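Remember, it's a predicted structure, so these values are computed and weren't measured experimentally. Just follow the structure's listing: the first ligand is 1, and inside any ligand the first atom is 1.
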Amino acid sequence: MHFTRAIVRPPAANFALGLSGANNGPPDIDRALDQHGRYCEALRDCGLQVTHVEADLDYPDGTFVEDAAIVTGRGAILTRPGAPSRTGEIASVGESLSQFYSDVQHIVAPGTVDGGDICQVDDHFLIGVSARTNQPGAEQLAEHLRRMNYTASILDIRASASLLHLKTGIAYLGDGVWLAAAGIQEEFLRAGGAGIRERIAVSAAESYAANCVRINDTVLLAAGYPQLTAALEERGYRLVTLQMSEFRKMDGGLSCLSLRF
Ligand code: GLY
């Protein structure tokens, strides 16, 4: 898919009050804003028009805007985030999406979905059932996607303790090429339906960097992960590395910071 737009939301002043199990100390808001600004510049350098949703003190996790919606070339679906403190994040994201999509679908109770659990693989979607995305939410989402002429598979990832979300541990780079953190089951990738032309292994020490995104001809990757950087460079990918330290402290990865469509 060729991307032309992204939606982002800068971290709010109380970002440190968001959910985190990382135990890496509180984020520095000024550094987080600087890292977010550079992330937005990288999106623009990939040719995307970037739309900002305003930060909101009611939603300290709101900068992880990917969790609030699933955006595709054929339609958009607002999620119902699985953490109660995040449920209201969808309102302002929905307003922003309505500029670009005429018909935005919704996940409704008792369903819950976090966008971080959804991995698009060409015309197929992998949907992870996690601590945040439940089975009813996954089924609703699969149905919305089928109506848009996509296919979907639902995977239960709850036994994988290291995965907050499905995309915590995997990324699809297109053309059957996957990044997968150590311990990711082959069946997760096979369920993608695209086959596995290549699995680029991400070592346990670099597992945070498995959450990267391909945008058109560029891969955005967290900075500071030399083995994975070298593996992608060897394969000829155009790479942009970005400092993510403050978002990592709040359990957020690189994909979480934008909706790309
Ligand atoms: N802090 C990101 C999340 O837990 O949803």
dist Ile157:CD1 -> Ser130:OG (nearest 0.5 Å) comes out at 5.0 Å

Salt bridge or not between Arg190 and Glu187? Use side-chain N to carboxylate O under 4.0 Å.
no

Contacts for ligand 1, heavy atom under 4.0 Å, by chain and number, are Leu19, Asp61, Phe64, Arg86, Arg132, Met250

Query raised in the report: Can the ring centroids of Tyr39 and Phe247 be said to lie less than 6.0 angstrom from one another?
Result: no

Checklist entry - Thinking salt bridges, do Lys167 and Glu66 make one under a 4.0 Å N-O criterion? => result yes

- Message: Please determine whether a side-chain nitrogen of the Lys or Arg among Arg44 and Glu41 lies less than 4.0 Å from a carboxylate oxygen of the Asp or Glu.
- Response: no

Given the options Asp34, Asp28, Leu33, Glu246 meets side chain to side chain contact (heavy atoms under 4.5 Å, CB included) only with Asp28

